[in-house]
Amino acid sequence: NTKGYEVDIGSGSITIATGAPGGTLDTTDNGGAGYEGDGTIITDAGNFTIGAGGVFTKCVQASRRSLVKMDGGATKTFTSDGDDIGDFQTSDASTYINLQDNLITEAITIDASTTLNTTASNRNISATNITINGTLLANASTITVSGNWDSSVGTVTVGTSTVEVTGSGTITTKSWNNTFYKLQTAY
């Protein structure tokens, strides 16, 4: 258990064991004795992989939720094996992340000069809030947002994607021209 303390991988990669019984990365931060109290930030400048049998445990308290921050300024892969990872961020100029499976998270932040690519395999994204200051390559994916969508600074290359807004959040864009290929709302 990280107990809320930061984990910085540097130029390496994270692989949470594959196969039985698998490994666990527990980012629970209860805030009690021995816990940092402000949530775990995992900074990875390499590939991030949760393999079959691997488990990522996020902290469920919003003020202490885990953040996986992908940086390093190069092309990398992200594989979550369907685990909800808390918050997700692309960071550092020229960081380009290719999703290897569907991404489930509370909040996604795509920083300026970075790219999140759902790839030609059309990986789906599910998040409460999405903030795009860099580039989202949506391809033919389905992106579900239950809170706020903000692409007022960044770029969305829509492809033939579907954005499903399922909550009562707000949608903020630079312009409605070419922001969405298909937009579905639950309002």
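Just so you know, these numbers come straight off a predicted model, no measurement behind them. Residue numbers start at 1 and run along the sequence shown.
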Exercise. Scan for side-chain hydrogen bond (donor to acceptor under 3.5 Å, both in side chains) pairs involving residues 112-122, sequence neighbours excluded, and state none if there are none.
Key: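 Listed by first then second residue: Thr90-Thr114, Tyr96-Asn117, Asn98-Asn117, Asn117-Asn139, Thr118-Asn139, Thr118-Ser141.
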Quiz item: Picking from Thr77, Thr15, Thr75, what satisfies side chain to side chain donor-acceptor pair (under 3.5 Å) with Asn47?
Solution: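 Of all the options given, the one that passes is Thr77.
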Practice problem: State which residue, out of Asp111, Thr109, Asp71, fulfils the side chain to side chain donor-acceptor pair (under 3.5 Å) condition with Gln89. | Solution: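 Output: one option passes, namely Asp111.
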Which donor-acceptor pairs under 3.5 Å do side chains of residues 31-45 form with protein atoms, sequence neighbours excluded?
{"residue": "Thr40", "atom": "OG1", "partner": "Thr2", "partner atom": "OG1", "Å": "2.6"}
{"residue": "Thr40", "atom": "OG1", "partner": "Gly4", "partner atom": "N", "Å": "3.3"}
{"residue": "Asp44", "atom": "OD1", "partner": "Gly46", "partner atom": "N", "Å": "2.9"}

Quiz item: Ignoring hydrogens and geometry, is there a side-chain-to-backbone donor-acceptor pair from Lys58 to Thr27 under 3.5 Å?
Solution: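 Checking the backbone N and O of Thr27 against the side chain of Lys58, no donor-acceptor pair under 3.5 Å is found.
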Self-check item: Polar side-chain atom of Asp81 near backbone of Asp83 as donor-acceptor pair, under 3.5 Å
Solution: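 Checked: no pair found.
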Quiz item: Heavy-atom distance under 4.5 Å between the side chains of Ile50 and Ile85, does that happen here?
Solution: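 The answer is yes; the side chains approach within 4.5 Å.
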How many angstroms lie between [atom1] in [X] and [atom2] in [Y], if you round to the nearest 0.5 Å?
X: Met70; Y: Lys76; atom1: CE; atom2: NZ; result: 7.0 Å
X: Leu103; Y: Arg123; atom1: CG; atom2: CZ; result: 11.5 Å
X: Thr157; Y: Tyr181; atom1: OG1; atom2: OH; result: 15.0 Å

Exercise. Hey, could you give me each pair passing ring pair (Phe, Tyr, Trp, His ring centres under 6.0 Å) that has a residue in residues 42-77? Not counting sequence neighbours.
Key: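 Ring pair (Phe, Tyr, Trp, His ring centres under 6.0 Å) check on residues 42-77 returns Phe48-Phe78.
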Quiz item: Do Asp150 and Ser152 have side-chain N/O donor and acceptor atoms under 3.5 Å apart?
Solution: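 Yes, because at least one side-chain N or O of Asp150 sits under 3.5 Å from a partner of the opposite role on Ser152.
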